[in-house]
Amino acid sequence: MENILSILTKDEKEFIKHHGIDPSDIYDARGEIVKVYHDKAKKQGCGFVLSNPCPYGHRLKDRSGHCIVCRPMVIAIRKRESGTGVVYVAVNGKYTKVGMIENNIKDVGKAIDKREYRLNDEGGYGGRSGWTTVKTWQLEKNAGKVEREAQNILENYKVEKNYIHSGELHSTKELFECSIQTAVNAVKKAIELYK
């Protein structure tokens, strides 16, 4: 396979540089359909592809075929999924929360303190204050995938409650009615899957 930089246009090179995408994270999928290149790119550990142009002429896409030039938020989603971070389990009475603190964490203790503050302000996550972090894992890769997979494992324990955050009504997405050990085991299984 030829060097991906040799086939990118000047604009494409500037785009990936601006968004911090490493050229080694781009799979050359020119002439292939999504169904084919998705698995090939994933197998090679690439989050992005150079593919057939979108209706606006852009060739840079994520593995699922979404144009990252038209929708740059896809880049942030991809980086969150595969990047570094701290996955945590917090507890409040009979409830647990599995969440993640994203990327570039220099002081995990301060990051956890800040997250606990956010979980407890304005009446608290799920309308409950008193959240305490009981377990953390600092991950060098796939932190978002681990968080999502652990939450999928806990799906049968999921509870939806409304709460106020930044003055707006929200619904919980990471709240589970299960023991601390059940939540911790779910994260451990997810880590094993994505190590």
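In what follows, every heavy atom counts, from backbone to side chain, and hydrogens, waters and symmetry copies are set aside.
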Do [X] and [Y] have side-chain atoms, one donor and one acceptor, less than 3.5 Å apart?
| X | Y | result |
| --- | --- | --- |
| Tyr27 | Lys42 | no |
| Glu160 | Thr172 | no |
| Gln181 | Asn185 | yes |
| Ser24 | Asp22 | yes |

Smallest separation among heavy atoms of [X] and [Y], with atom names:
| X | Y | result |
| --- | --- | --- |
| His170 | Glu168 | CD2-O, 3.1 Å |
| Ala90 | Trp131 | O-CZ3, 3.7 Å |
| His58 | Cys70 | ND1-SG, 3.3 Å |
| Ala143 | Val87 | O-CG2, 3.6 Å |
| Ile16 | Pro23 | CD1-CG, 4.1 Å |
| Met100 | Glu147 | N-OE2, 3.3 Å |

Roughly how far, to the nearest 0.5 Å, is [atom2] of [Y] from [atom1] of [X]?
| X | Y | atom1 | atom2 | answer |
| --- | --- | --- | --- | --- |
| Lys61 | Cys54 | NZ | SG | 6.5 Å |
| Ile33 | Asn52 | CD1 | CG | 10.0 Å |
| Leu154 | Thr96 | CG | OG1 | 6.5 Å |
| Ile153 | Lys189 | CD1 | NZ | 6.0 Å |
| Arg63 | Tyr37 | CZ | OH | 11.0 Å |
| Ile68 | Ile21 | CD1 | CD1 | 4.0 Å |

Flag the pair [X] / [Y] as yes when at least one side-chain heavy-atom distance between them is below 4.5 Å, and no otherwise.
| X | Y | result |
| --- | --- | --- |
| Lys13 | Phe15 | no |
| Thr133 | Arg115 | no |
| Leu8 | Leu50 | yes |
| Tyr163 | Leu175 | no |
| Val69 | Arg59 | no |
| Val159 | Glu177 | yes |
| Glu174 | Val98 | no |
| Ser64 | His38 | yes |

Show your working on salt bridge (charged side-chain N to carboxylate O under 4.0 Å, His left out) between Lys10 and Glu14 and close with a plain yes or no.
CA-CA 6 Å; Lys10 181 181 178 219; Glu14 288 174 4; 3.7 Å; yes
Is a side-chain donor or acceptor of [X] paired with a backbone partner of [Y] at a separation under 3.5 angstrom?
| X | Y | answer |
| --- | --- | --- |
| Asn120 | Gly124 | no |
| Asp28 | Arg30 | yes |
| Asp107 | Lys110 | yes |
| Gln151 | Arg148 | no |
| Glu122 | Ser166 | yes |

Side chain to side chain donor-acceptor pair (under 3.5 Å) assessment of Tyr194 paired with Lys141:
CA-CA 8 Å; Tyr194 289 106; Lys141 64 177 184 176; over 6 Å; no
With Thr182, which residues qualify under side-chain hydrogen bond (donor to acceptor under 3.5 Å, both in side chains), at least two apart?
Ser179
Does Lys97 make a cation-pi contact with Tyr125, if we ask for NZ or CZ under 6.0 Å from the ring centre and within 45° of the axis?
yes
is_close_aromatic(Phe176, Tyr95), centroid dist under 6.0 Å:
no
Answer yes if Ile26 and Val36 sit in the same cluster of Ile, Leu, Val, Met, Phe, Trp and Tyr residues linked by side chain heavy atoms under 4.5 Å apart, and no otherwise.
no
For Ala190, check side chain to side chain contact (heavy atoms under 4.5 Å, CB included) against everything at least two apart and list the hits.
Val146, Glu149, Ala150
Would the number of heavy atoms belonging to other residues, nucleotides or ligands and lying under 6.0 Å from NZ of Lys17 be above 12?
no
Test Thr132 against Asn92 for side-chain contact (heavy atoms from CB on, under 4.5 Å), laying out the working first.
CA-CA 7 Å; Thr132 305; Asn92 185 317; over 6 Å; no
